[in-house]
Amino acid sequence: MGFVRTTPPRPVEVTAVFPELAPLARPAIRLHPRPGAPSVRESSVGGPLLWPAGEPWPHCEDAHLHVDTGFRQSPTEVRLERRLQARWRPDDRRPAFTPEEEALKERNAAWLAERLDAGPPSPAECPVPMLPVAQLFLRDIPLLRPPGQADLLQILWCPYEHEPNYKPATALFWRSVAEVGDILATPPEPYEADYPGYVPEPCVLAPEAITEYPNSLDLSPDLQRMLEDWNRWQAAGVDVDSSYAEYPRDFYSIHLGNAPGWKVGGWPPWGRTDPNPRHCAVCEVQMVPLLTIASREWHGGEGHSWAPQEDQAAALAGSYYAGQAPSRPTGVEVGSTDNMQIYVCPASPEHPHTDLIQ
């Protein structure tokens, strides 16, 4: 972990105003992914995996939806296009590829031609090689609770949408680093991706431990009414803008509740639906959030308060890196700029996981 990202202090110490929320505090780790060149032995988003050479690479065997969006590109093409976007300048001259990028483009074209020579692949061809989404080492993310002697979590997804919820199918693997011998040098890649947002940009991480409080939708009716009591906020003497007087609960939701962005643990980011608890298909225990895959690291407007201190200037200036807005370093977009939450069984992490878009 070669850099640091720090969440600014919250504008209000929430438990000083509402001590009733203290028992609901949960630990979380914001991952703060930023474009880079992670190795197979580093925690990353969208980076190479420490994958055993003798273990088959995961492929998606499901049927795949085919909607002609006009956006389909190979993962290599998506990433090359992002590099070009990162080099746009106000003079509007289209930047050129570097010699290394030209070579990569030519290799990709040759690979696609070879595929086509074997017969045009169906848009819904199976099986589809899955793409790396996240690799998290326990040494970097101590909040993980792996089974047995495992100390590494790897998550991949299929870059096609799947019925009935129109989202990528996910796969989760726990493994022990000590048991990995020879490493797979060249994993297979899918012929194309449904959308560029399903191709994560390789990112290094700057994990940061924080304490989270629930989304307001996760609170009981009594606690929700408590947040809506403007007199309670005023009596505590906190500096909350009077524009929130009519809807003080919004101040909590924007600035004090669950943090946005990629994170491990914490509370779910409800909003697309009301809270929708997930239960283990094996033992029926209520599942817990493992990883949030976020379309945005922070939101616009007042949501900038969650931008790390080190990124505040870039967030306000709207500067770009790796072809992405500062709040979208991974290039990932699920749903309509939503979040995908990976859930696991707290009784046994080896039970099948599930996911949900919010």
Summary of side-chain hydrogen bond (donor to acceptor under 3.5 Å, both in side chains) pairs that have at least one residue in residues 343-358, sequence neighbours excluded
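Listed once each, the pairs are K167-D355, T170-H353, T170-D355, T273-Q358.
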Pairs touching residues 276-293 that satisfy salt bridge (charged side-chain N to carboxylate O under 4.0 Å, His left out), sequence neighbours left out
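Listed once each, the pairs would be none.
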Could you give all pairs that pass the salt bridge (charged side-chain N to carboxylate O under 4.0 Å, His left out) test and reach residues 252-267, with sequence neighbours left out?
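As it turns out, the salt bridge (charged side-chain N to carboxylate O under 4.0 Å, His left out) pairs with a partner in residues 252-267, which skip direct neighbours, are E212-K263.
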Measure up the H255 and F251 rings against each other and bin them: parallel (under 30°), tilted (30 to 60°), perpendicular (over 60°).
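Tilted, since the angle between the ring planes falls between 30° and 60°.
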Just to verify, what does [X] make a side chain to side chain contact (heavy atoms under 4.5 Å, CB included) with, not counting sequence neighbours?
X: A22; answer: T15
X: A281; answer: none
X: I254; answer: Y244, E302
X: D182; answer: A53

Heavy-atom count around Q149 CD within 6.0 Å, excluding the residue itself: above 12?
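For Q149, atom CD is not crowded (no more than 12 foreign heavy atoms under 6.0 Å).
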Measure from NZ or CZ of R139 to the centre of the six-membered ring of F137 and say whether it is under 6.0 Å with the direction within 45° of the ring axis.
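R139 over F137 ring: yes.
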Going by an N to O cut-off under 4.0 Å, is there a salt bridge joining R328 and E297?
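Looking at E297 together with R328, the answer is no, because their closest N to O distance does not fall below 4.0 Å.
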Which residues pass the side-chain hydrogen bond (donor to acceptor under 3.5 Å, both in side chains) test with R272, sequence neighbours left out?
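Per chain and number, R272 pairs via side-chain hydrogen bond (donor to acceptor under 3.5 Å, both in side chains) with D338.
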Considering residues at least two apart in sequence or located in another chain, which fulfil the ring-ring contact (aromatic ring centres under 6.0 Å, His included) criterion with W174?
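Here no residue qualifies.
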Partners meeting ring-ring contact (aromatic ring centres under 6.0 Å, His included) with Y247 (sequence neighbours left out):
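With sequence neighbours excluded, Y247 shows a ring-ring contact (aromatic ring centres under 6.0 Å, His included) to no residue whatsoever.
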Which residues, ordered by chain and number, are linked to I210 in its hydrophobic cluster, where ILVMFWY side chains connect at heavy-atom gaps below 4.5 Å, directly or through other members?
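Under the 4.5 Å side-chain rule, I210 groups with nothing.
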How would you list, by chain and number, every residue that makes a salt bridge (charged side-chain N to carboxylate O under 4.0 Å, His left out) with E20, sequence neighbours excluded?
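Salt bridge (charged side-chain N to carboxylate O under 4.0 Å, His left out) check on E20 returns R232.
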